[in-house]
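Written out below as structure tokens is the structure these notes cover.
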Amino acid sequence: MPSEISYKADFSEIRYAQCWEDADILLNALDIQPGDICLSIASAGDNTLAMLSQSPARVIAVDINPAQIACLELRVAAYRELSHPELLVLIGSLPGDGAYRNSLYHRCRPQLSTVTRQFWDNRSTAIAQGIGTAGKFERYLRLFRSMLPLIHNQDIITEAITEKTEAERHIFYQQHWNNNRWQLFFKIFFSQFILGRLGRHPSFFEYAQKNVAEHLLQRTAYAMTTINPCDNPYLQWIATGQHLTALPYALRPENFEIIRANLDRLEWHCTAIEDLLKNLDCDFINKYNLSNIFEYMSNQNYETLLRKLIRVGKSSARLAYWNLLVKRSRPEDMKNLLYSLTLEATRLYQQDKAFFYSSFILEEII
Ligand SMILES: C[S@@+](CC[C@H](N)C(=O)[O-])C[C@H]1O[C@@H](n2cnc3c(N)ncnc32)[C@H](O)[C@@H]1O
């Protein structure tokens, strides 16, 4: 059976040029051990690379979209060929000019497969801007950022990401940020209609159960107050288009060498996870990073896929995934197969720096 999403959305372009899922909570949840075999949705590659830092025996990355595989492949080449500061410039975390970024790309280029080389050769503008800016979702965030000065002046925007205590952040949010203009702008910009057309794909909302803008507004307030913006690379990129004082896990200097040293343990497949699983043995995978792929399918297809993941998973294997707008967690009639680590998942969700999700799910195969 082909993946449900494959015949609904076009997958020829980059949708996510960065992984908008918090690798810190993912790694904490999966508790990857040396020798583990991991299966990870590739997306832009960051979290798959983060998993390598725990020295598993193998990480198998999969994505249905060849453009996402091209993002992962270029990152792998960059870890091999570049220094850590150069990697940050190529991604766009650090400023750099277009010619310099293209010269960095040309150093990575010989490492790429023919298909991926052709893909990036045709995207020198995206490379010049930083490969982390090149997705549909990041362009949507850039549009948001460009309109933000209509609501708040630059001083207020800078103040929002300047170090403060939690109590000060709450006061700042109420007194300086959360005015009527902000609420109105946010609700229009992140309405399902606009987000579906400019940021994600309308079909990604087919199973949505929440009011998108209301949910995102509430979670943004949480990220600007309860969670510290100074430690939050995701919020910093949304507000400034760069990583100022915080980096996602895979880009932190202390993780660079270990990821580079373990790159030979990584493989990638451009196919639907449903198809990949058919070719894997039973009792094989220890840790699953499943992004929020279950939201893109009906409940029935979710349950079918869950059963396949259990078949291929080892006893005690862990599955980590997010819900944005659709509630997905193991159904009651599978409680003899999957144990929900609800307390641990809830604790991690409270620290989730990629704040827009509505829940984080962690389950263990019995
Ligand atoms: C599910 S998306 C989510 C990204 C981000 N969490 C968000 O919601 O904005 C992450 C990746 O999953 C891939 N994907 C979705 N369904 C898939 C499937 N059935 N098999 C393999 N990859 C899939 C997409 O191509 C994409 O690169």
Side-chain angles (χ1 to χ4, degrees), residues 1-23 25-26 39-48 60-75 119 132 134-141 144 190 192 195-196 198-208 210 212 215-216 219 234 237-238 248 268-280 288-298 300-306 308-309 312 319-326 328 349 352-361:
M1 184 189 61
S3 171
E4 182 179 337
I5 194 66
S6 63
Y7 50 83
K8 289 186 182 162
D10 168 27
F11 281 119
S12 56
E13 267 306 323
I14 303 174
R15 288 190 176 273
Y16 307 98
Q18 298 175 38
C19 233
W20 291 93
E21 288 149 12
D22 186 341
I25 73 163
L26 176 73
L39 179 55
S40 174
I41 294 294
S43 290
D46 311 275
N47 289 2
T48 298
I60 304 169
V62 59
D63 206 292
I64 202 167
N65 182 350
Q68 300 299 147
I69 294 290
C71 293
L72 170 63
E73 226 188 293
L74 181 51
R75 276 168 170 75
F119 179 90
K136 184 176 179 190
F137 188 64
E138 289 77 17
R139 284 196 293 279
Y140 182 59
L141 294 179
F144 171 77
F190 290 105
Q192 185 162 323
L195 183 56
L198 297 181
R200 303 174 94 224
H201 186 275
S203 71
F204 295 176
F205 295 98
E206 194 172 323
Y207 301 105
K210 283 181 185 251
V212 184
H215 162 76
L216 292 177
R219 291 298 298 169
Y234 309 99
W237 189 286
I238 295 170
W268 49 87
H269 302 265
C270 186
T271 183
I273 191 169
E274 292 88 335
D275 292 328
L276 182 84
L277 288 171
K278 285 185 207 155
N279 300 321
L280 299 181
Y288 287 107
N289 162 31
L290 298 164
S291 175
N292 61 330
I293 58 164
F294 298 132
E295 284 191 59
Y296 298 60
M297 55 187 79
S298 68
Q300 193 186 348
N301 285 343
Y302 159 61
E303 290 189 23
T304 307
L305 179 51
L306 211 48
K308 290 181 184 165
L309 293 163
V312 173
L319 291 72
Y321 53 99
W322 282 263
N323 290 329
L324 180 61
L325 300 164
V326 186
R328 296 278 183 252
Y349 175 65
D352 193 342
K353 297 186 286 305
F355 49 91
F356 17 82
Y357 298 94
S358 55
S359 59
F360 178 60
I361 309 292

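Just the heavy atoms: all of them, side chains too, but no hydrogens, waters or symmetry mates, feed the values below. Values in this document were obtained by computation on a predicted structure and should not be read as measured data. Both ligands and their constituent atoms are indexed starting at 1 by order of listing.
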Exam field: side chain [X] to backbone [Y], donor-acceptor pair closer than 3.5 Å:
X: Asn65; Y: Ile14; value: no
X: Arg139; Y: Ala134; value: yes
X: Gln68; Y: Tyr16; value: yes
X: Asn323; Y: Arg328; value: yes

**Request:** Taking the six-membered ring for Trp and the full ring for Phe, Tyr or His, determine whether the centres of Phe356 and Tyr234 are under 6.0 Å apart.
**Result:**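 They do not qualify: ring centres at least 6.0 Å apart.
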**Item:** Phe190 and Tyr140 aromatic centres sub-6.0 Å
**Value:**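 Yes, ring centres under 6.0 Å apart.
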Under 4.0 Å from a heavy atom of [X]: which atoms of ligand 1 are those, numbered in the order shown and with their elements?
X: Asn65; result: 25 (O)
X: Ala272; result: 20 (N), 21 (C)
X: Thr271; result: 21 (C)
X: Tyr357; result: 5 (C), 6 (N), 7 (C)
X: Ser43; result: 10 (C), 11 (C), 27 (O)

Give yes if a backbone or side-chain nitrogen or oxygen of [X] is under 3.5 Å from a nitrogen or oxygen of ligand 1, and no if not.
X: Ile273; value: yes
X: Ile64; value: yes
X: Glu21; value: yes

**Asked** Quick one: which of Lys136, Met297, Glu274 has a heavy atom closest to atom 18 (C) of ligand 1?
**Response**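 Comparing heavy atoms across Lys136, Met297, Glu274, the nearest one to atom 18 (C) of ligand 1 lies in Glu274.
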**Request:** Measure up the Trp322 and Phe360 rings against each other and bin them: parallel (under 30°), tilted (30 to 60°), perpendicular (over 60°).
**Result:**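 Ring orientation of Trp322 relative to Phe360: tilted.
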**Request:** Using a 4.0 Å heavy-atom cut-off, say whether Trp322 meets ligand 1 through its side chain, its backbone, both or neither.
**Result:**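 Answer for Trp322: neither.
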**Message:** Yes or no: does Phe137 have any heavy atom under 4.0 Å from an atom of ligand 1?
**Reply:**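 Per 4.0 Å heavy-atom rule, Phe137 does not contact ligand 1.
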**Asked** Residues two or more places apart in sequence or in another chain: which of them pass side chain to side chain contact (heavy atoms under 4.5 Å, CB included) with Ala23?
**Response**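 Ala23 satisfies side chain to side chain contact (heavy atoms under 4.5 Å, CB included) with Asn47, Ala50, Tyr249 only.
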